[in-house]
Amino acid sequence: MKIVEDGLLLRPWRADDAEAVHRACQDPDIQRWTTVPRPYLPEHAHGFVTEVSPRDWADGTGAPFAVCDAATGELLGSCGLVTLDTRAGTGEIGYWAVPWARGRGVTTRAARAVARWAFDTLKLRRLVWQAEVGNHASRLVALRAGFRIDGQLRLADPSPRGRPEGWIGSLLPGEVPAPGEPGPAAPGTLAARRAAVFGRPQPVLFAAGDTELRLRPMEERDLDAIVQTCRDPETIRWTTVPDPYERADAESYLDFVRGTWAAGTSACYVFADPDDRYAGSIDLRLSPTDPLLADIGFMALPDARGRGFTPAALAALCAWGFTTLGLARIEWRANVGNTASRRAAEKAGFTVEGTARGGLTHRGERVDVWVGALLPGDLT
């Protein structure tokens, strides 16, 4: 069985592939995001190509292919059906690329070829794709192969170093882009840009101003200051933090913000004083319905208020949102009467556009809120 499409040859694994498979699976990304054994030893590669792969084909429970260059035969990766149920008409796709073949569209082309074969030859009615939340490279390949991302689910066997949540997507016959078509999430699109951002560690940002101010990812050492901030009467009055606020709440908050970065839905930062101590936190949340819209929220340590930290952090994070994430509008909201939040937003360049009556639920009741916005041209 072989598939030849778009410059690739997909064929069953052979015993002489073992050395190349072992070499490829030393790659940290393959070990991080797939279920290969760690450490990956030569006997693992030999067992895969001589026992596991042939057994899957013989039993009809899988269809693993070696992905090779159609002209030279060089091994470029792996792509196939990791599970297969022909009676139900479903299968699950899985793939990886050797490090030296990445950036050439190999995995996308292979995934499309396998999907087309699964529908045309095996007559499957649906393919499923799954990946740990945070594996943006795999998600991007799935999108480019035509998969629709359907949501998240809890993983049955999460990686010890990973998150317990996974993405799941589906593909139906007729949805696979033709060879050579750019398809969804092509290079240069907003989806591709954001995958590149959220698929890497969260960067450190710097705020302009008279005082040195860094915006960095939240860390365990910030938790005591977060507890102090969230127990402050003004924080409790104007936000929806739990009351009373315990250390466990801060630990859950840290896990939550790490999860939203992994998912690519939010960028939460700590803004730190010149000694790198927590001065406050700020969260840029992407809209789930409008890819060019986000809203922003923030809180400051009581001792750090009135020092210009919050407006500077707001301006820095919004500038990053416009230039790096391609946002067109960032919204700010605060309960009517929260003049400190309004002053910080206006100093950062936000225009207060009006009042939304009953705009938010605050501690069990609907309250009026001020609404403001910042556009790219508002930053000077």
Just by distance, with hydrogens left out, do Thr355 and Asp368 show a side-chain donor and acceptor under 3.5 Å apart? no
- prompt: Donor-acceptor pair, Arg109 side chain versus Arg104 backbone, under 3.5 Å?
  reply: yes
- Message: Taking Arg116 first and then Glu5, would you say they form a salt bridge - that is, a charged N and a carboxylate O separated by under 4.0 Å?
- Response: yes
Are more than 12 heavy atoms, taken from residues, nucleotides or ligands other than Arg221, located less than 6.0 Å from that residue's CZ atom?
yes
### Query
Would you find a donor on one side and an acceptor on the other, under 3.5 Å apart, between the side chain of Asp69 and the backbone of Gly73?
no
Would you say Arg11's side chain and Met1's backbone share a donor-acceptor pair under 3.5 angstrom? no
Output for pair (Ser138 OG, Asp29 CG), nearest 0.5 Å, gives 11.5 Å
Any Lys/Arg nitrogen of Asp295 or Arg329 sitting under 4.0 Å from an Asp/Glu carboxylate oxygen of the other? no
Value for CG (Leu10) from CG (Leu76), rounded to nearest 0.5 Å, stands at 9.5 Å
(Q) When you compare the side chains of Arg366 and Thr361, does any donor N or O come within less than 3.5 Å of an acceptor on the partner? (A) yes
(Q) Given the ring of Trp96, does Arg102 sit roughly above its face, with NZ or CZ under 6.0 Å from the centre of the six-membered ring and within 45° of the axis? (A) no
Rounded to the nearest 0.5 Å, the CH2 atom of Trp332 sits from the SG atom of Cys318 at a distance of 12.5 Å
### Query
Are any side-chain N or O atoms of Asp290 and backbone N or O atoms of Ser287, one a donor and one an acceptor, separated by less than 3.5 Å?
no
- Query: Parallel under 30°, tilted from 30 to 60°, perpendicular over 60°: which one fits the rings of Trp261 and Tyr269?
  - Reply: perpendicular
Q) Are Trp13 and Phe65 near enough that their ring centres are under 6.0 Å apart? A) no
* **Expected output: side-chain Arg112 to main-chain Arg144 donor-acceptor under 3.5 Å** => yes
Rounding to 0.5 Å, atoms CG (Asp283) and CZ (Phe256) come to a distance of 7.0 Å
Can you tell me if His362 has over 12 outside heavy atoms packed within less than 6.0 Å of its NE2?
yes
| request: Flag the pair Glu132 and Arg32 as a salt bridge only when some basic side-chain nitrogen lies within less than 4.0 angstrom of an acidic carboxylate oxygen. | output: yes
Taking Asp275's backbone N and O only, do any of them form a donor-acceptor pair with Asp273's side chain (distance below 3.5 Å, no angle check)? yes
Counting only heavy atoms not in Arg154, do more than 12 sit closer than 6.0 Å to its CZ atom? no
Q | Electrostatic pair Asp243-Arg237, nearest N-O below 4.0 angstrom | A | no
Test your reading of the model: is there a side-chain donor-acceptor pair from Arg231 to the backbone of Tyr245, 3.5 Å cut-off?
yes
One should read off an interatomic distance between Gln202 CD and Leu205 CG, to the nearest 0.5 angstrom, of 8.0 Å
Handout entry: Ring centroid separation His136 to Trp167 under 6.0 Å
Key = yes
**Prompt:** Is it true that Arg333 and Glu331 make a salt bridge, defined as a side-chain N closer than 4.0 Å to a carboxylate O?
**Reply:** yes
Point to revise | Exam field: side chain Arg194 to backbone Leu325, donor-acceptor pair closer than 3.5 Å | key: yes
Separation between CZ (Arg55) and OG1 (Thr50), nearest 0.5 Å, reads 9.5 Å
Q) Within the distance-only criterion (no hydrogens, no angle test), does the side chain of Asp27 pair as donor or acceptor with the backbone N or O of Val98 below 3.5 angstrom? A) no
Please lay out, stage by stage, how Arg258 and Glu220 fare under the test salt bridge (charged side-chain N to carboxylate O under 4.0 Å, His left out).
CA-CA 12 Å; Arg258 286 175 171 172; Glu220 283 82 356; 3.3 Å; yes
With a cut-off of 6.0 Å (strictly less than), are more than 12 heavy atoms of other residues, nucleotides or ligands near CD of Glu181?
yes
Requested in this report: May I ask you to say whether Arg23 pairs ionically with Asp17, meaning some side-chain N is under 4.0 Å from a carboxylate O?
Outcome: no
> Is it true that a side-chain atom of Ser53 and a backbone atom of Val49 form a donor plus acceptor pair closer than 3.5 Å?
Replying inline: no
